[in-house]
There are 2 protein chains.
Amino acid sequence: MGVDDRSATRERIVAAAAGLLAEGGREAVSTRGVSNAAHVQPPAIYRIFGDMQGLLDAVVSYGFQAYLDKKINRPHAADPVDDLREGWDAHVGFGVANPEFYKLMYGQPVSGTESEAAKKAAEILIGLVERVAKAGRLAVGVERAAQMIHSAGCGVTLTLIGTPPESRDPELSERTREAILAAVITEGPRASGAGRPSAVHAVALKAVLSEAEDTLSPGERHLLTEWLDRISHSW
Amino acid sequence: MGVDDRSATRERIVAAAAGLLAEGGREAVSTRGVSNAAHVQPPAIYRIFGDMQGLLDAVVSYGFQAYLDKKINRPHAADPVDDLREGWDAHVGFGVANPEFYKLMYGQPVSGTESEAAKKAAEILIGLVERVAKAGRLAVGVERAAQMIHSAGCGVTLTLIGTPPESRDPELSERTREAILAAVITEGPRASGAGRPSAVHAVALKAVLSEAEDTLSPGERHLLTEWLDRISHSW
DNA sequence: CGAGGCTGGTATCGTTGATACATGGGTGTG
DNA sequence: CACACCCATGTATCAACGATACCAGCCTCG
């Protein structure tokens, strides 16, 4: 009962804070404002969330949840690159639709600190990129490709948020997305138009290396990984 | 005397606030902190800057000034695309070196609002892109290209700021930069590997259209501009 | 049935952004 | 030369903020 009550209170506080954030931005989320909106006492916030930052983290996760669920439960498309495209579009779409949440998540990076929601999103992106790598169509390392995609997508989203809707370039997101994908993805395993074949295969091999658990010892795999990284990074 | 005094006081306040910002982040810039550091009274801040946001804007401009000066006074390279590269690197370099200033400038976009410093930076970028367009090497419209470059550069910078220095991908910036440039720039006026030739020429023509002031009437130029946009956007 | 700890509410602390009010020095006029 | 006016500066203070100490009630367990 106590636990249930607590989690219900927590839910009510987060929902109230999320409402204030969406409506009035970061500065509207104050201890007084939240306690009034959620019909709780100011100290309750600190008991449940530790401090203001804890509440904000929870709010971001809350607002991001629906988006994450959609991303996670989406069935894989035939082409893993299309999955990546859909992931990009979903990301940008969420940011534009929920600018205050987005600015809170990605607008104030603190070196080495990442909100739980951002971590989950990053993991999903890594997963999508890994599927492309396993198909042998990634021209650079998984981590690097994911960071390039995330950086560009994040920048596009913030730019769109900062532009009045009527002034937005409707193709900015798509163009930038394709620019990054073109640099990161090759036509096919054999088509070596972009990316050296050795790099492509090294990346692909690394992505599926975990399947070789019973073939190589941990030490061997570690060394092999280093070599593959060196090959793929050489391009 | 009074004016001089005032501007000197203003300078001292901004410098003190900039020091606090660089050292302790946004939250370190409080009216008390600034007045103590600058040896002025709290109300002086409001008399000079209107409110806290006014002070922060001034601080951002102040911190951005050295960077802007460098960018403006740099001699043009032989290849306008290289100018663009240098501009990108300077932008990212500034952000990584001054993360708190950068987050204040680009991390909290408000639709339709842009700080003076950001406006100046955007103008410089437009200028650089226009030079590329005049050389007939731009595959998309000037505004779109500038927005793509700015978005990606902004995202990369924020990503780097959020990553501990030892974990940063040293090539993230360069790779992303080249990915965007490859999508936006063609090899040469005739090399149509990327971008339809018609689009390339339409963009180049639009960039130099102001030179045709005495050849076309304002109305004619307006209509022609619309057509050129349609052609270049069609790709 | 009583003691102990946990939950929740009240009151309050120090600090923040912002402002009203008084004070003092410089200017212009008689 | 003296007086009055005016503007810039300094003092004191306000409401709201994040955060916390403290007390009262409840449930649990002995």
Side-chain angles (χ1 to χ4, degrees), chain A residues 1-62 100 103-104 107-108 110 113 115, chain B residues 1-62 100 103-104 107-108 110 113 115:
Chain A
M1 183 71 88
V3 172
D4 237 24
D5 213 34
R6 178 137 182 167
S7 113
T9 306
R10 186 192 153 94
E11 186 77 10
R12 205 168 65 242
I13 293 177
V14 173
L20 291 172
L21 176 64
E23 189 177 347
R26 162 68 184 83
E27 66 181 7
V29 184
S30 69
T31 52
R32 267 77 168 178
V34 173
S35 5
N36 278 337
H39 302 291
V40 296
Q41 284 64 34
I45 296 174
Y46 296 92
R47 275 190 279 272
I48 298 179
F49 300 97
D51 68 1
M52 196 66 200
Q53 191 54 50
L55 169 59
L56 290 175
D57 287 351
V59 169
V60 166
S61 294
Y62 174 86
E100 297 301 334
K103 286 190 275 184
L104 216 51
Q108 295 296 322
V110 177
T113 304
S115 73
Chain B
M1 181 71 90
V3 172
D4 237 26
D5 212 34
R6 177 133 180 173
S7 114
T9 306
R10 186 194 153 92
E11 187 78 10
R12 204 168 66 243
I13 293 176
V14 173
L20 291 172
L21 176 64
E23 191 178 347
R26 162 68 184 82
E27 67 180 7
V29 184
S30 69
T31 53
R32 267 75 169 180
V34 172
S35 6
N36 279 336
H39 302 292
V40 296
Q41 284 63 37
I45 296 174
Y46 296 92
R47 275 190 280 271
I48 299 178
F49 300 97
D51 69 1
M52 197 66 200
Q53 191 55 48
L55 170 59
L56 290 175
D57 287 350
V59 168
V60 166
S61 294
Y62 174 86
E100 297 300 335
K103 284 190 277 184
L104 217 51
Q108 295 296 324
V110 177
T113 304
S115 75

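Just so it is clear: chains get the letters A, B, ... in the order the sequence lines come, proteins before strands, and each one is counted from 1. When reading the values below, keep in mind they use all heavy atoms of this one structure, side chains included, and skip hydrogens, waters and symmetry mates.
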Undergrad: Would you work out how much the helix from C:dC1-D:dG30 to C:dG30-D:dC1 bends between its ends, with each end axis defined by five base pairs, to 10 degrees?
TA: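 End-to-end axis angle: 20°.
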Undergrad: With a 3.5 Å cut-off and sequence neighbours excluded, list the donor-acceptor pairs that the side chains of residues 50-60 of chain A form with protein atoms.
TA:
from: A:Asp51; atom 1: OD1; to: A:Gln53; atom 2: N; distance (Å): 3.1
from: A:Asp51; atom 1: OD1; to: A:Gly54; atom 2: N; distance (Å): 3.0
from: A:Gln53; atom 1: NE2; to: A:Asp57; atom 2: OD1; distance (Å): 3.1

Undergrad: Find the distance between OG1 (B:Thr113) and CD (B:Gln108) and round it off to the nearest 0.5 Å.
TA: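 The distance works out to 12.5 Å.
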Undergrad: By a strict heavy-atom criterion of less than 4.0 Å, which residues belonging to residues 28-39 of chain A are in contact with DNA chain D?
TA: A:Val29, A:Ser30, A:Thr31, A:Arg32
Undergrad: Round to a whole Å and report the spacing from CG of B:Asp51 to P of C:dT19.
TA: 8 Å
Undergrad: Which residues satisfy the side chain to side chain contact (heavy atoms under 4.5 Å, CB included) test with B:Ala16, sequence neighbours excluded?
TA: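 Partners of B:Ala16 by the side chain to side chain contact (heavy atoms under 4.5 Å, CB included) criterion, ordered by chain and then number, come out as B:Ala37, B:Ala38.
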Undergrad: In whole angstroms, how far is the C1' atom of C:dG9 from the CD1 atom of A:Ile13?
TA: 14 Å
Undergrad: Could you give the CD-to-P distance, from B:Gln41 to C:dG17, as a whole number of Å?
TA: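 B:Gln41 atom CD is separated from C:dG17 atom P by 16 Å.
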Undergrad: Nearest-Å distance, CE (A:Met52) to P (D:dA16)?
TA: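 For the pair A:Met52 CE and D:dA16 P, the rounded distance is 16 Å.
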Undergrad: Would you mind reading off the distance between A:Ile48 atom CD1 and C:dT7 atom C1', rounded to a whole angstrom?
TA: 11 Å
Undergrad: Show the nearest heavy-atom pair for residues A:Ile48 and A:Arg10, with the distance to one decimal.
TA: CG2-CG, 3.8 Å
Undergrad: I need the B:His39 NE2 to B:Ile13 CD1 distance, nearest 0.5 Å.
TA: 12.0 Å
Undergrad: Quick one: CD on A:Glu100 to CG on A:Leu20, what's the gap to the nearest 0.5 Å?
TA: 11.5 Å
Undergrad: With a 3.5 Å cut-off and sequence neighbours excluded, list the donor-acceptor pairs that the side chains of residues 22-36 of chain B form with protein atoms.
TA:
from: B:Arg26; atom 1: NH1; to: B:Val29; atom 2: O; distance (Å): 3.4
from: B:Ser30; atom 1: OG; to: B:Gly33; atom 2: N; distance (Å): 3.0
from: B:Ser35; atom 1: OG; to: B:Thr31; atom 2: O; distance (Å): 2.2
from: B:Ser35; atom 1: OG; to: B:Arg32; atom 2: O; distance (Å): 3.4

Undergrad: Starting at atom CZ of B:Phe49, determine the distance to atom P of C:dG17, rounded to an integer number of angstrom.
TA: 14 Å
Undergrad: So which protein nitrogen or oxygen atoms get under 3.5 Å of nucleotides 20-26 of chain C's nitrogens or oxygens?
TA:
none

Undergrad: Send over the distance from A:Leu56 CG to D:dG18 C1', rounded to a whole Å.
TA: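 About 12 Å, once rounded to whole Å.
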Undergrad: Could you state the atom-to-atom distance from CD1 of A:Ile45 to P of D:dG18 in whole Å?
TA: 8 Å
